[in-house]
Amino acid sequence: MPPLRQELTLHAGVAQADGSPSWTLHDPSVNRFYQLGWASFEVIQRWRLGSVARVLDAVHATTTLQLTADDVDAVLAFLSRHQLLVAATAEQSDGLWQARRASRPSGAMWLLKNYLFFRIPLLRPEALLQRLLPWCGWLFQPRFWWAMGGVLLLALALLSRRWDEFTHTFSAYAGLSAAIGIGASLSLAKIAHELGHALAARRFGCRVPAMGVAFLVMMPVLYTDTNEAWKLRSRRQRMLIGGAGMLAELLLAVWATLLWCVLPDGPVRAGAFLLASTTWLATLAVNASPFMRFDGYFLLADYVGIPNLHGRAFALAVWRLRQCLLGLDDPAPEYFAPATGRRLIMFAWATWLYRLVLFLSIALLVYHLFFKALGLLLLFVELGWFIVRPVAGELRVWWRRRAELAWCRETRRSAVMLAALLALVLLPWRGEQAAPAVLGALQSQGLYAPAAAEVELVLVREGQMVAAGQALARLRSPTLQLQLAQAEVRERQLGWQVAQQAFHSEWQQQGNVLQRQWQAAQEQLASLRQQQGRLAVQAPFAGRVTGSSDALKPGTVVAEGEHLLDVIAPAGARGEAYVGEEGLAGLQPGQAARFVADGGQHGVVRCRIGAIDGLNLPVLEQPLLASTYGGPIAVEARERGLVPQSAIFRVRLDACDSARAPLREMAGVARLQGERHSLLELGLSRLAAVVRREGGL
């Protein structure tokens, strides 16, 4: 047997998930660790005996293991695959060189991999950590963390009393200064995070060879090399090293939250707020996630006692997928208890789903961060590398093994599922589309104060049925009454002067001017009397009173134009739906439509499609549907109003069969009946619209 490399070291490891002992093999040339089971350890421990027979005899003589030559060959293959053997012959050296050449990527692949992820070591922190550690011993005392738990409870209690102020402060930060503040607070938190990892690792005797910055899809992320934690036998110590970064960030967030609660307004309080909010969010949303190889993943792997958790769960999930879809009877990649195996498969599926969403988000982010040509290239790189490449690789395996497939229950089920999926995508079964919509009364009228006045009398109540022309309320305006009295006096005076003009020489000299002044006074008096008449609020048509203002009470002063109440017709409804450019195809006036309110009021209201706008709306006139107010239509608030981010067209809904008119406008979804089309056709049309929009065509 070829000899092992001299620099390899063996360390006792933690017990595995099934309770069996383990050992850790360390390759210092690449700082990589391999976990060995009992059988592999016994073989490697006797490797120096030189031959398979002597190794097996020694194992059988000193242990209860019953190994075969195949077991030794498996260990030999593992050592050879990871280049842990000495190349003693020219053939072995040539094999190493060929493996090196095969693993060396092409220029394009090297650029791709280094664009996706690369590291820059910045600091060798051993000396610094050695000086800091005596001063930081109190951080590892249980009493300190009990005290921090008390500080956390105090901070949360104070924060709960000012929660609204805290959340509104967060929404108030915007612009360049906020971005700089958030960047500075995140940088401070991440420095504390990595320092926590390094101090914990050094505390337990592990060497920390490097600290630096890694670039993940061009985004800078600090890192600390704590790989030597794998030498530790204590799972608790390894978990403390893995969680020390998050504990440091949470400690920083706790004190920042407490400071925000007690400090007066100013730049220091603003800095505490940014540090508290961004640290809590970044720690809980990113680092604690077990679906990426961050702290949460390593903590979970150590907790369940399964190193390389992602790889082993993925292998088990792929094995189960091939078994269920193709009926392949492959042996399981490794044995787990049935319950553990099911949990690992579910974890793998959850991780794949999480990464699919995450990588799609990253792809869209890099597309928008760069100019269009480069952004489009990076978008395809992200989608191709992280999503298409793994799927295509698995499909290639299926194709290579097509000769092993046979008709069985699994393959028949997969064929039926594939046929159903193709039919779902290709057949034009979708003849209905959902569009955000609002539904209101067929006839409604809001009544407003015609002038600044005092409410003198209220003659109706909320929900009361009224007749057309019925008095609803009476207002009184002392200012208007004074102006009316003055206008009446002036009109009577000018009228008398016109009547006596023939007998007064001075008035005769004014000629027609006096007549015109009298006419102007008459018009002013009529206008004031008309305004006075409008102070008696009347129903414009028969209907129901609704939406009464709190100011509509006797003795209350209302401003000009202030809303008083609404009158809606007792029956009938009409609405408006908003569709995108691709949704206009096949819509015709008179087609059926259904409206379903978000809250479930009125059940399903059946309508007919009315007029369809030929031009897209420059401004959305329905705040109920705007994204800025929690609605489904994405808009931007600008000076001219709520501007839709994409082209939308208004479709009116008429002849609705609502027996009772809704008391107020309701947001909901309109189901519009149009031409039937397939999902593939819809997707291609949307893709073409995006290409035209982004390409400026």
Check: Are side-chain heavy atoms of W398 and L326 found at a separation under 4.5 Å?
Finding: yes
Check: Out of curiosity, L624 CG to M666 CE, how far, rounded to the nearest 0.5 Å?
Finding: 10.5 Å
Note to self: Measuring only between side-chain heavy atoms, which start at C-beta, is L309 closer than 4.5 Å to L344?
What the structure shows: yes
Notebook entry, point to check: Just by modelled atom types, is the T224 backbone N or O under 3.5 Å from a matching donor or acceptor in the E194 side chain?
Noted result: yes
Item checked: Value rounded to 0.5 Å, distance of CZ in R650 from CG in N616 -> 11.5 Å
Note to self: Tell me whether the rings of F386 and F359 are parallel (<30°), tilted (30 to 60°) or perpendicular (>60°).
What the structure shows: parallel
Next item on the list: Indicate yes or no: at least one non-hydrogen side-chain atom of L625 is less than 4.5 angstrom from one of Y578.
Entry: yes
Notebook entry, point to check: Where do F336 and L316 land on the side-chain contact (heavy atoms from CB on, under 4.5 Å) test, with the steps shown first?
Noted result: CA-CA 10 Å; F336 289 101; L316 198 64; 4.1 Å; yes
Check: Which pair of non-hydrogen atoms, one from L299 and one from G242, has the smallest distance, and what is that distance?
Finding: CD2-C, 4.0 Å
Check: Could you walk me through whether W260 and R162 pass the side-chain contact (heavy atoms from CB on, under 4.5 Å) check?
Finding: CA-CA 10 Å; W260 181 87; R162 309 174 68 176; 4.3 Å; yes
Checklist line | Heavy-atom pair of closest approach, residues P632 and P436 | finding: CG-CB, 3.5 Å
Margin query: Rounded at 0.5 Å granularity, tell me how far OG1 in T226 sits from CE in M211.
Written below: 10.0 Å
Check: What pairs of residues pass the salt bridge (Lys or Arg N to Asp or Glu O under 4.0 Å) test when at least one of them lies in residues 296-314, not counting sequence neighbours?
Finding: R238-D302, R312-E334
Next item on the list: Tell me, please, whether W399 has R402 positioned over its six-membered ring: NZ or CZ under 6.0 Å from the ring centre and within 45 degrees of its axis?
Entry: yes
Check: What pairs of residues pass the side-chain hydrogen bond (donor to acceptor under 3.5 Å, both in side chains) test when at least one of them lies in residues 345-363, not counting sequence neighbours?
Finding: H310-R355
Check: Could R32 and W230 be counted as a cation-pi pair, given that NZ or CZ must be under 6.0 Å from the ring centre and within 45° of the axis?
Finding: no
Margin query: Tell me the closest heavy-atom pair linking Y223 and A214, and the distance in Å.
Written below: CD2-N, 3.8 Å
Note to self: To check you understand the geometry: which heavy-atom pair defines the closest contact between C324 and R413, and what is its length?
What the structure shows: O-NH2, 2.9 Å
Note to self: In the structure I gave you, are the side-chain heavy atoms of L360 and I387 within less than 4.5 Å of one another anywhere?
What the structure shows: yes
Notebook entry, point to check: Hey, does Q622 have a side-chain heavy atom less than 4.5 Å from the side chain of E665?
Noted result: yes
Item checked: Trace of the side-chain contact (heavy atoms from CB on, under 4.5 Å) decision for I241 with L232 -> CA-CA 11 Å; I241 294 174; L232 299 175; 3.7 Å; yes
Notebook entry, point to check: Quick one: does L439's side chain get under 4.5 Å of E576's, heavy atoms only?
Noted result: no
Notebook entry, point to check: Can you name the residues that form a side chain to side chain donor-acceptor pair (under 3.5 Å) with D330, not counting sequence neighbours?
Noted result: R401
Check: Is R293 close to F298 at the side-chain level, that is, under 4.5 Å between some pair of heavy atoms?
Finding: yes
Next item on the list: Please report the closest heavy-atom contact between F347 and A313, naming both atoms and the distance.
Entry: CD2-CB, 4.1 Å
Item checked: Any donor-acceptor pair under 3.5 Å from D225 side chain to N227 backbone -> yes
Checklist line | Among L252, N287, L250, L222, side chain to side chain contact (heavy atoms under 4.5 Å, CB included) partner for H193 | finding: N287
Next item on the list: Evaluate the side-chain contact (heavy atoms from CB on, under 4.5 Å) criterion for residues T257 and L156: first the C-alpha distance (whole Å), next the side-chain angles of each, then the deciding distance (0.1 Å), finally the verdict.
Entry: CA-CA 8 Å; T257 304; L156 292 178; 5.6 Å; no
Margin query: If you count heavy atoms of other groups shown closer than 6.0 angstrom to CH2 of W255, is the number above 12?
Written below: no
Item checked: Inter-residue atom distance L620.CG - T628.OG1, 0.5 Å rounding -> 8.5 Å
Item checked: Closest contact, heavy atoms only, A155 versus V254 -> CB-O, 4.1 Å
Next item on the list: Measure the CG-CG distance between L405 and L328 for me, rounded to the nearest 0.5 Å.
Entry: 5.5 Å
Item checked: Approximate separation, where rounding is to 0.5 Å, of Q237 CD and C206 SG -> 8.0 Å
Note to self: With a 4.5 Å cut-off on side-chain heavy atoms, are Q645 and V635 touching?
What the structure shows: no
